[in-house]
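Chain A is the first sequence line, chain B the second, and so forth, proteins listed ahead of strands; every chain is numbered from 1.
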Amino acid sequence: MKEEITISELARIMNVSVHQIRYFEEKEILHPAYTDDNSYRMYCMDQVYELAQILLLRRLGVSVPSIKQSLASFTEGQYEELLHHSLLETTAQMEKLQKHQQFISKVLQEQQNSTGQTEQYQVKQRKVVFLTRWIEMEPHTTLHARLLAEQAAHPPNLFETDIHYLYDSSNAITICLEAEQPNDFVLSAGDYLSSHFLLEHENELDQWIERFHEHAAAHSYVLAEPLILIEKSYLSLFSQGTLHYEILKRIESKDEAREGAQDDYHADYN
DNA sequence: GTTCTGACA
DNA sequence: TGTCAGGA
């Protein structure tokens with residue numbers, strides 16, 4: 001029995017694939033101790049330690065070409081720098097994952113909020129929301145792929161975004177996305193009349209908007225412009241083929257109604 | 001049965 | 001990075 005081991009045995013004790021070991025050889029960072037007569041690669045303890053170091057560096061996020069460099073020439077200080085860099089990268093990844101986590105929670109929350117609420121109206125307290133203008137649409141036009149491609153300079157991830165449609169009094173629609181900072185529009189905090197509903201086709205939308213206004217009138221709500229329609233495309237996951245919307249309008253306080261405050265959502269900083 | 005190289009998704 | 005073919 002030889003002291004040296006074959007590639008599959010090395011792979012097994014180091015928990016990596018045979019393919020990966022060959023790949024490291026191709027990239028010239030790990031060579032076998034020798035090649036046997038049958039052209040099998042044979043490895044000894046030296047390679048076990050070398051492979052351990054390579055795998056450690058990979059775990060720290062160091063690329064294979066950089067590992068090659070580092071094995072050849074790195075000083076203690078340079079390895080330290082490598083670790084600092086790796087720490088920063090890991091932190092950034094964790095922040096990304098936390099955002100994923102928040103998004104998943106949000107979808108679940110929204111799903112729970114929306115079930116059973118269809119066609120029901122409620123008065124909701126909302127916090128201030130900042131919106132950034134994304135696409136402008138003429139009255140009575142529909143959003144089609146061409147418009148999207150031409151107007152959307154910096155497209156968001158449509159599958160995870162609340163898309164806000166702001167209807168002004170002339171029925172022109174501004175499609176907006178949520179922003180972190182005060183931006184093109186500000187939806188002020190306050191009470192909003194809200195209704196969730198599901199659509200099979202977009203052409204049912206106008207009926208819903210009409211019904212929303214009828215409901216508001218029947219209950220004598222005084223509502224402030226604009227009409228806000230929020231599309232939650234990610235909720236379609238739970239009901240294939242349907243579109244989820246929330247329709248909103250801010251309820252004016254009596255003072256505002258007396259002053260006839262209008263258009264107070266505009267915040268054009270241009 | 002195991003490993004090799006090379007190609008491919 | 002995994003998988004497959006075809007040969008040793």
Side-chain angles (χ1 to χ4, degrees), chain A residues 1-108 111 144-150 152-161 163 177 232-243:
Chain A
M1 200 66 161
K2 282 190 172 116
E3 264 184 26
E4 295 82 10
I5 56 178
T6 64
I7 196 167
S8 61
E9 289 169 309
L10 180 64
R12 187 175 55 79
I13 61 179
M14 300 303 287
N15 269 314
V16 294
S17 64
V18 168
H19 189 279
Q20 195 176 17
I21 297 174
R22 290 203 197 103
Y23 176 71
F24 289 153
E25 184 178 334
E26 189 193 311
K27 297 296 167 190
E28 299 191 302
I29 55 176
L30 181 74
H31 300 282
Y34 66 94
T35 306
D36 213 347
D37 292 341
N38 57 11
S39 72
Y40 283 14
R41 296 167 174 83
M42 301 303 290
Y43 301 90
C44 64
M45 277 310 288
D46 289 346
Q47 282 75 51
V48 172
Y49 289 122
E50 285 166 18
L51 182 52
Q53 168 145 11
I54 289 166
L55 293 173
L56 172 64
L57 289 169
R58 287 298 292 128
R59 175 68 56 86
L60 294 174
V62 183
S63 70
V64 169
S66 307
I67 291 177
K68 186 177 177 187
Q69 268 195 322
S70 73
L71 292 177
S73 63
F74 264 28
T75 63
E76 199 177 317
Q78 283 175 300
Y79 275 114
E80 217 170 277
E81 201 180 311
L82 214 59
L83 287 178
H84 279 301
H85 179 74
S86 173
L87 190 61
L88 286 179
E89 291 257 296
T90 310
T91 310
Q93 281 176 11
M94 283 171 66
E95 280 166 12
K96 245 187 190 171
L97 282 174
Q98 267 169 354
K99 287 207 167 141
H100 277 305
Q101 190 186 37
Q102 284 165 7
F103 173 65
I104 294 167
S105 301
K106 174 184 154 174
V107 172
L108 276 173
Q111 152 70 359
H144 46 82
R146 170 65 50 208
L147 190 64
L148 208 60
E150 280 170 1
H154 302 290
N157 286 332
L158 287 179
F159 58 85
E160 61 177 12
T161 311
I163 302 169
L177 306 168
K232 298 160 194 266
S233 54
Y234 46 85
L235 285 184
S236 301
L237 181 67
F238 299 95
S239 49
Q240 295 292 324
T242 57
L243 303 163

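Pairing for C:dA8 goes to B:dT2, judged as Watson-Crick or G-U wobble with the two contacts each under 3.5 Å.
Proximity note for A:S8 (side chain, C-beta onward) versus B:dT3, B:dC4, C:dT1: the nearest is B:dT3. You'll find that the side chain of A:Y23 is closest to C:dT1, out of B:dT3, C:dG2, C:dT1. Of the candidate nucleotides C:dT1, B:dT5, B:dT3, B:dT3 has the atom nearest to the side chain of A:I7.
Sequence order on DNA chain C of the closest nucleotides to A:Y40 and A:R58 puts A:R58 first from the 5' end. Both A:H19 and A:T6 lie close to DNA chain B; mapped to their nearest nucleotides by heavy-atom distance, the more 5′-ward contact belongs to A:T6.
The distance from the NZ atom of A:K27 to the NZ atom of A:K68 is 9.0 Å, given to the nearest 0.5 Å.
Taking only side-chain nitrogens and oxygens, A:S17 never comes nearer than 4.0 Å to OP1 or OP2 of C:dT1. A:R41 has a side-chain polar atom (N or O) that falls below the 4.0 Å cut-off from OP1 or OP2 of B:dT5. A:S39 has no side-chain polar atom (N or O) that falls below the 4.0 Å cut-off from OP1 or OP2 of B:dC4.
Summarising the geometry of A:F24 relative to A:L55, their closest heavy-atom pair is CE1-CD2, 4.1 Å, with the distance given to 0.1 Å.
Here the P atom of nucleotide B:dC4 and the CD1 atom of A:I21 are 10 Å apart, to the nearest Å. When the C1' atom of B:dC4 is taken as reference, atom OH of A:Y34 falls 16 Å away, rounded to whole Å. Taking atom CZ of residue A:R22 and atom P of nucleotide B:dT5, one finds them 7 Å apart after rounding to whole Å. Whole-Å rounding puts the A:E9 CD to B:dT2 P distance at 10 Å. For A:E26 and C:dT1, the CD to P distance is 13 Å, given to the nearest whole Å.
Annotation: side chain of A:C44 is in contact with side chain of A:E4 (closest heavy-atom distance under 4.5 Å). Between A:R58 and A:V64 there is a side-chain heavy-atom pair separated by less than 4.5 Å. By the 4.5 Å heavy-atom criterion applied to side chains, A:I29 and A:L71 are counted as neighbours.
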